[in-house]
Amino acid sequence: MKTGLFLADTKARTLLEVESSNESSVRIYCCGPTVYRDAHVGNLRTFLLSDLIVRTLNFLGHSATLVQNITDVGHMSDDFEEDKMLAQSQLERRDPFTIAREYEEHFHTDLARLNISKAKRYPRASESIELMQALIEHLIELKSAYVGEDGSVYFSAQSFPTYGAISGNRLDDLKPGHRYEYTEDGAKRFHADWALWKAAGKRTEMIWPSPWGAGFPGWHIECSAMSMHFLGETVDLHVGGIDLRFPHHENERAQSNASIHNRELVSMWVHGEHLLFEGRKMSKSAGNVVLLNDLINKGLDPLALRLALMENRYRSQMDLTWSALEAANKTILRWRRNIAQWALAPRIEVDISDFKVFLANDLDTPKVILQLRALEKSEATDSQKYATFIAMDRVLALDLQRRTQEEELSTEARELLDARELARANKDFVMSDVLREKLQAIGIDVLDTPDGQSW
RNA sequence: GGUCGGAUGGCCGAGAGGCGAGGCUCAGGACUGCAAAUCCUGCCACACGGGUUCAAAUCCCGUUCCGACCUCCA
């Protein structure tokens, strides 16, 4: 069933219409976090992308089923001493699964703060080992994979005819390049083959028994196994960050398709571009990794990040800055204040078909926001403004109806405010300013308006 | 080296042959005891060199610069 939503498909290199392969729901898989650290705002941009897709589909009258994995094992570089989970475990001197559960919890907290709606399921890699092993066995039977002399299982890249379709890479060009040193261990039959199952070697933690000996799964196989298990024989849409295009998604596609006799499992691949922060790619080495908590500690509403990200299209690289976040924060506060005012006008129905067109056209959230700004300034009635903003908040999810001021005040604050009002009435402005500072110290910003002070 | 994107005012960013998007900052003004907020006004840009055209930020050719990916990454 067609949905009317067009998105940029990486493999087709053009816009394609999202279709649901069954009548009820669009099936979406989004590559989730590797829970060895907190997600930074760049990671969150990708998670916001899948939320925007889900919300837009709902907005257009369709339902969506989202599954997002939690990688808590097996995400290693080729040098498998460097498993991200175990490296962090050694660093923190704690059990790797304890760490994983903790960062997984943080991940859910961050999503909730950004109003990212919950996926239907968040399967963990560590709890899907049997699924992966079954898939690997199947791939061996089909001769797409083989057991190496080292006890690891490898996927045979050459056995998959359309390898490279997503990334544009060709197997011949993937020979050891100028950038990376290659240390062939001799177990792979072809340089571009990759591990589905890694023999434990010296590892003693996070390993499982298998038909090929104790070991642990490769990174790519978890997404193949989980997407097919939880979403079925067709995945309508696969979402992830642009850097996953290769090798992760290329390899995932090869594994999945090979297991179903080269039928195409995933109909569309959608990738979110990277986020820079203050002009540079976020990385630990550059020291410019920004977490959602960093925003909160600066007194910004986490939803300011949501707005700032939506001001750019998901597939353009964007440079996020503190000043952009502060601007977004101000905009949200102004909108909430205005909406509280507009809410007093009579309720009416409004036509929001233009906004549907913008969203359906490859999630043009920048244009949606632009139009809302124009409406805000326009001659339209308060009723129209209210109805339109509230309708669009179903997708924007900026909590635009949230009250801007707190109702409950401590007795101390109440006394200070009363005293200040009295001082102002007596034109004792020195005392008034002193009291304003005291109020500020307990977290209350006082504003003087023609109708008296407010906070 | 290969592949793909860019270059727009102080900053961020839409637009894709003819009407100078918008936001932020800044300056001036209104309002205000002062702040803050709000409102008004101002700031006339499209990397460079050619070309096509009545008309180019937009199309073509060339140049320079920047970024991404090329088996760590959202």
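Within every chain, numbering begins at 1; the chains are lettered A, B, ... in the order of the sequence lines, protein sequences first and strands thereafter.
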Of the listed nucleotides (C70(B), G13(B), C24(B)), which one gets closest to any side-chain atom of Asn169(A)?
C70(B)
Select base, sugar-phosphate, or nothing to describe what Ala324(A) touches, counting heavy atoms under 4.0 Å on all strands.
nothing
Starting at atom CG of Leu49(A), determine the distance to atom P of A74(B), rounded to an integer number of angstrom.
15 Å
Looking at Ile166(A) and Arg13(A), what are the two nearest heavy atoms and their distance?
O-NH2, 3.2 Å
Quick one: do Asp433(A) and Lys438(A) satisfy salt bridge (Lys or Arg N to Asp or Glu O under 4.0 Å)? Show the steps, please.
CA-CA 9 Å; Asp433(A) 286 349; Lys438(A) 280 191 180 173; over 6 Å; no
Inter-nucleotide C1' distance (A14(B), U58(B)), Å rounded:
13 Å
So which nucleotide does C43(B) pair with, by the Watson-Crick or G-U wobble rule with both distances under 3.5 Å?
none
Counting the atoms with a prime plus P, OP1 and OP2 as sugar-phosphate, which does His274(A) contact under 4.0 Å by heavy atoms, base, sugar-phosphate, or nothing?
base
Has the side chain of Arg436(A) got a donor or acceptor that lies under 3.5 Å from a partner of the other kind on the base of A35(B)?
yes
Taking side chain to side chain contact (heavy atoms under 4.5 Å, CB included) as the test, write out the residues that go with Asn69(A), two or more places apart.
Tyr29(A), Cys31(A), Thr71(A), Glu222(A), Cys223(A), Met226(A)
Classify Leu44(A) by what it touches in the nucleic acid, base, sugar-phosphate, or nothing, heavy-atom distance under 4.0 Å.
nothing
C54(B) and C61(B), which share atom name C1', separated by this distance in whole Å:
22 Å
Nearest-Å distance once atom C1' is located in both G23(B) and C43(B):
15 Å
Asn329(A) CG to C24(B) P, straight-line distance once rounded to whole Å
13 Å
What is the pairing partner of A21(B), taking Watson-Crick or G-U wobble pairs with both distances under 3.5 Å in any strand?
none
With a 4.0 Å cutoff (strictly under), does any side-chain N or O of Arg37(A) reach OP1 or OP2 of A74(B)?
yes
Report yes or no: do Asn169(A) and Tyr163(A) form a side-chain donor-acceptor pair below 3.5 Å?
no
Validate the cation-pi geometry between Arg189(A) and Tyr146(A): distance from NZ or CZ to the six-membered ring centre under 6.0 Å, angle to the ring axis within 45°.
yes
Is there a Watson-Crick or G-U wobble partner for C65(B) with both distances under 3.5 Å, and if so, which one is it?
G6(B)
Need one value for Gly240(A): base, sugar-phosphate or nothing, where a base atom within 4.0 Å counts as base even if backbone is also close, heavy atoms only.
sugar-phosphate
Taking atom P of G13(B) as reference, at what distance in whole Å does atom CG of Leu320(A) sit?
10 Å
What I want to check is whether the side chains of Ser432(A) and Arg424(A) have a donor and an acceptor closer together than 3.5 Å.
no
Identify the two heavy atoms, one from Thr365(A) and one from Asn312(A), that lie closest to each other, and give their separation to 0.1 Å.
OG1-O, 3.9 Å
Return the pairing partner of C59(B) with a 3.5 Å limit on both distances, Watson-Crick or G-U wobble; otherwise return none.
G51(B)
Taking the P atom of each, how far is C60(B) from G6(B), in whole Å?
12 Å
What is the distance, rounded to the nearest whole Å, between atom CG of Asn312(A) and atom C1' of C12(B)?
9 Å
Determine the contact category for Leu244(A): base if any of its heavy atoms lies under 4.0 Å from a base atom, sugar-phosphate if only primed atoms, P, OP1 or OP2 are that close, otherwise nothing.
sugar-phosphate
Could you work out the separation of C73(B) and C59(B) based on their P atoms and round it to a whole Å?
36 Å
Nearest whole Å is fine: how far is A74(B) C1' from Tyr103(A) OH?
17 Å
Hey, which sits more toward the 5' end of RNA chain B by its nearest nucleotide, Ser432(A) or Ser167(A)?
Ser167(A)
Arg373(A) has a side chain; which of A14(B), G22(B), U38(B) sits nearest to it?
G22(B)
Taking atom C1' in both C11(B) and G5(B), compute the distance separating them and give it to the nearest angstrom.
22 Å
So, does Lys377(A) get its side chain near the phosphate of G23(B), meaning an N or O under 4.0 Å from OP1 or OP2?
yes
Given the C1' atoms of A74(B) and U41(B), what is the spacing between them in whole Å?
44 Å
Out of U71(B), U38(B), A14(B), which nucleotide sits closest to the side chain of Arg334(A)?
U38(B)
Whole angstrom is fine here: how far is it from CG in Leu325(A) over to C1' in U25(B)?
16 Å
Between Leu370(A) and Asp193(A), just flag the one whose closest nucleotide in RNA chain B comes earlier from the 5' side.
Leu370(A)
Nearest-nucleotide pick for Lys330(A), side chain only, options being U25(B), G33(B), C73(B):
U25(B)
Rounded to whole angstrom, note down the C1' distance from C65(B) over to C72(B).
29 Å
Measure CG/Leu275(A) against P/C69(B) and give the value in whole Å, please.
13 Å
Gln371(A) CD to G23(B) C1': how many Å, rounded?
14 Å
I want to check one thing: is the phosphate of U38(B), taken as OP1 and OP2, less than 4.0 Å away from some side-chain N or O of Arg337(A)?
yes
Touch check for Arg45(A), heavy atoms < 4.0 angstrom, all strands: base, sugar-phosphate only, or nothing?
nothing
Students often get this wrong, so: under 4.0 angstrom with heavy atoms, is Asp433(A) touching a base, only sugar-phosphate, or nothing?
base
Touch class at under 4.0 angstrom, heavy-atom based, for His40(A) against every strand present:
base
Aromatic contact, His271(A) with His249(A) (centres under 6.0 Å)
yes
